[in-house]
There are 2 protein chains.
Amino acid sequence: MEIIRRNTEYSIRALVHLALNPGREVTAAEIAEAQEIPLVYLQKILQKLTRGGFVGAQRGAHGGFYLAKDPEDINLLEVIELMQGKLAINKCFLGKDGCNRAPKCVLKNNWLQLEQRIAGFLSQITLLDLVEQVREGGLPGGGE
Amino acid sequence: MEIIRRNTEYSIRALVHLALNPGREVTAAEIAEAQEIPLVYLQKILQKLTRGGFVGAQRGAHGGFYLAKDPEDINLLEVIELMQGKLAINKCFLGKDGCNRAPKCVLKNNWLQLEQRIAGFLSQITLLDLVEQVREGGLPGGGE
DNA sequence: TCAATGTGGACTATAATAGTCCACATAGAG
DNA sequence: CTCTATGTGGACTATTATAGTCCACATTGA
């Protein structure tokens, strides 16, 4: 059972890398190398982050990516939800399956509480927090 | 993004059904009908619950399944982990991929905290709690 | 105009989940 | 002892999600 996909992990690493390199345009190739992410896959991820408004992109020679928001204004929940869809404990909460049991389902309330706790936790962690943790000695960062 | 699989949802419904019908052997067919679960799939699930020690099984005519533990001794975390494997925020925690970044990974600590919160929450909800919620008016229960 | 870069969409590969099938083992009823 | 109702086990298929690739194209700076 896995909650965070590789996809998302890559995104966060990419964002941290950008946050650590402010004021310039960083190429996908640079991020890919530093963060050990397959380049072509990373390009897709960066496209998604761009459309999601987290990063800006500049085409052409000397182009690249840069953070489009301040690190303290990006939290893990929104990145995760951009990359892998809305947080949901199970299908019931995605409105799929049209679960006819929902109206009286006792599990629903329990799942809802869990969902709120997870969302609460994730939304309190910002990119700035991660960057500070990196500066205190951690990776991703990557090859820094 | 989904945390609880259908698999697990079915298991919990089956366990609740058994808890609501103590003192007798309940056939897979009965559970399948009451809980709206494909019979042959449910059989697989019941086998897993049996091997996991949550239910007992009796073969032959008039055979069926019954809870092997008291409802207050079964919590959601153990059922979930039986059905879909150990709770893990991501692959790092499954020891897969041999993530060479792990030693300094700043995400790891954040994921670990989240994991502990989720596990703490789920392990506090017992089958007895669910049964009481059902008696107060919810489903699954199913056709009850 | 060329080279370095991002964009978009289609495509493939791999893995996980969901679900099915069938031969077999066991236990109770007659 | 045999028939029938039941659970068991394993192999199998189907469906979906994730991961990853490829290529033609757009843009920008030199």
Side-chain angles (χ1 to χ4, degrees), chain A residues 1-11 13-14 18 24-33 35-66 68 80 82-86 88 90-91 94 96-97 99, chain B residues 1-11 13-14 18 24-33 35-66 68 80 82-86 88 90-91 94 96-97 99:
Chain A
M1 163 179 169
E2 204 180 338
I3 295 176
I4 303 296
R5 320 244 175 255
R6 198 177 303 192
N7 214 357
T8 310
E9 181 90 16
Y10 287 163
S11 310
R13 302 217 302 241
L18 292 178
R24 69 184 181 95
E25 276 149 16
V26 183
T27 64
E30 176 186 326
I31 301 176
E33 197 192 346
Q35 301 297 327
E36 301 170 74
I37 302 170
L39 174 60
V40 290
Y41 195 33
L42 175 64
Q43 286 173 331
K44 291 299 161 198
I45 290 170
L46 286 167
Q47 281 178 26
K48 213 166 182 180
L49 288 172
T50 304
R51 290 197 208 104
F54 294 104
V55 310
Q58 176 70 25
R59 295 193 193 189
H62 304 286
F65 298 88
Y66 51 91
I80 291 169
L82 174 69
M83 297 311 293
Q84 50 192 49
K86 175 131 182 43
N90 65 10
K91 289 247 160 70
L94 296 172
K96 293 176 190 165
D97 272 4
C99 179
Chain B
M1 164 179 168
E2 203 180 338
I3 296 177
I4 303 295
R5 321 246 175 252
R6 197 176 301 192
N7 212 358
T8 309
E9 182 90 16
Y10 287 164
S11 310
R13 303 218 299 242
L18 291 178
R24 69 182 181 96
E25 275 149 16
V26 184
T27 65
E30 176 185 326
I31 301 174
E33 198 192 346
Q35 302 297 326
E36 301 169 74
I37 302 169
L39 174 59
V40 291
Y41 195 34
L42 175 65
Q43 286 173 330
K44 291 299 161 197
I45 290 170
L46 287 167
Q47 282 177 26
K48 212 166 181 179
L49 288 172
T50 305
R51 292 197 205 102
F54 294 104
V55 310
Q58 177 71 25
R59 295 194 192 188
H62 303 286
F65 298 89
Y66 51 91
I80 290 170
L82 175 69
M83 297 310 294
Q84 50 193 48
K86 177 131 182 41
N90 66 8
K91 289 248 160 66
L94 296 172
K96 293 176 190 164
D97 272 6
C99 177

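Numbers restart at 1 for each chain; the letters A, B, ... are given by sequence-line order, proteins then strands. Keep in mind it's a predicted model, so treat the numbers as computed, not measured.
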Nucleotide [N], atom [atom2] - distance to [atom1] of [X] in whole Å:
| X | N | atom1 | atom2 | value |
| --- | --- | --- | --- | --- |
| A:R5 | C:dA15 | CZ | P | 16 Å |
| A:E36 | D:dA19 | CD | C1' | 17 Å |
| B:I31 | D:dG7 | CD1 | C1' | 12 Å |
| A:H62 | C:dG6 | NE2 | C1' | 15 Å |
| B:E25 | C:dA27 | CD | P | 11 Å |
| B:I4 | C:dA18 | CD1 | P | 11 Å |
| A:Y66 | C:dG6 | OH | P | 12 Å |
| A:L42 | C:dG6 | CG | P | 9 Å |

Legend entry - Set of side-chain contact (heavy atoms from CB on, under 4.5 Å) partners for A:Q84, sequence neighbours left out: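 Once residues adjacent in sequence are excluded, the partners of A:Q84 under the side-chain contact (heavy atoms from CB on, under 4.5 Å) criterion are A:I4, A:R5, A:T8, A:I80, B:M1.
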Inset, instruction - Hey, could you give me the CD/CD distance between B:Q35 and B:E30, rounded to the nearest 0.5 Å? - result: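 Rounded to the nearest 0.5 Å, the CD-CD separation comes to 9.5 Å.
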Inset, instruction - Report yes if some heavy atom in the side chain of B:L82 is under 4.5 Å from a heavy atom in the side chain of B:R51; otherwise report no. - result: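 No, too far: nothing below the 4.5 Å cut-off.
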Legend entry - Note, A:L49 side chain near A:M83 side chain (heavy atom, < 4.5 Å):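 Yes - at least one pair of side-chain heavy atoms lies under 4.5 Å apart.
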Legend entry - Nearest-nucleotide comparison on DNA chain D, the residue closer to the 5′ end among A:P38 and A:A61: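 Checking each residue's closest nucleotide, the 5'-ward one belongs to A:P38.
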Inset, instruction - Name the residue closer to the 5' end of DNA chain C, choosing between B:G60 and B:Q84 according to the nucleotide with the nearest heavy atom. - result: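 It is B:Q84, whose closest nucleotide lies nearer the 5' terminus.
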Could you pull out the closest heavy-atom pair between [X] and [Y], with the gap in Å?
| X | Y | result |
| --- | --- | --- |
| B:E25 | B:Y66 | CG-CD2, 3.8 Å |
| A:S11 | A:I45 | OG-CG2, 3.5 Å |
| B:L46 | B:V55 | O-CG2, 4.1 Å |

Legend entry - Proximity to DNA chain C (any heavy atom under 4.0 Å), residues of residues 43-53 of chain A only: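 Residues of residues 43-53 of chain A under 4.0 Å from DNA chain C: A:K44, A:Q47, A:R51.
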Legend entry - Side-chain N or O of A:Y10 closer than 4.0 Å to phosphate OP1/OP2 of D:dG20: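 For D:dG20, OP1/OP2 do have a side-chain N/O of A:Y10 under 4.0 Å.
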Legend entry - Any N/O donor-acceptor pair, B:R59 side-chain to C:dA25 base, under 3.5 Å: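 Per atom types, the contact qualifies.
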Legend entry - Nucleotide nearest A:Y41 (side chain, heavy atoms from C-beta), chosen from D:dT6, D:dG29, D:dG20: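 Closest nucleotide to the A:Y41 side chain: D:dG20.
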Inset, instruction - Answer with base, sugar-phosphate or nothing: what part of the nucleic acid does A:Q58 contact at a heavy-atom distance below 4.0 Å? - result: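 It contacts sugar-phosphate atoms only.
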Legend entry - Sugar-phosphate only, base, or nothing, as touched by B:A28 at under 4.0 Å among non-hydrogen atoms: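 B:A28: backbone/sugar contact only, no base atoms under 4.0 Å.
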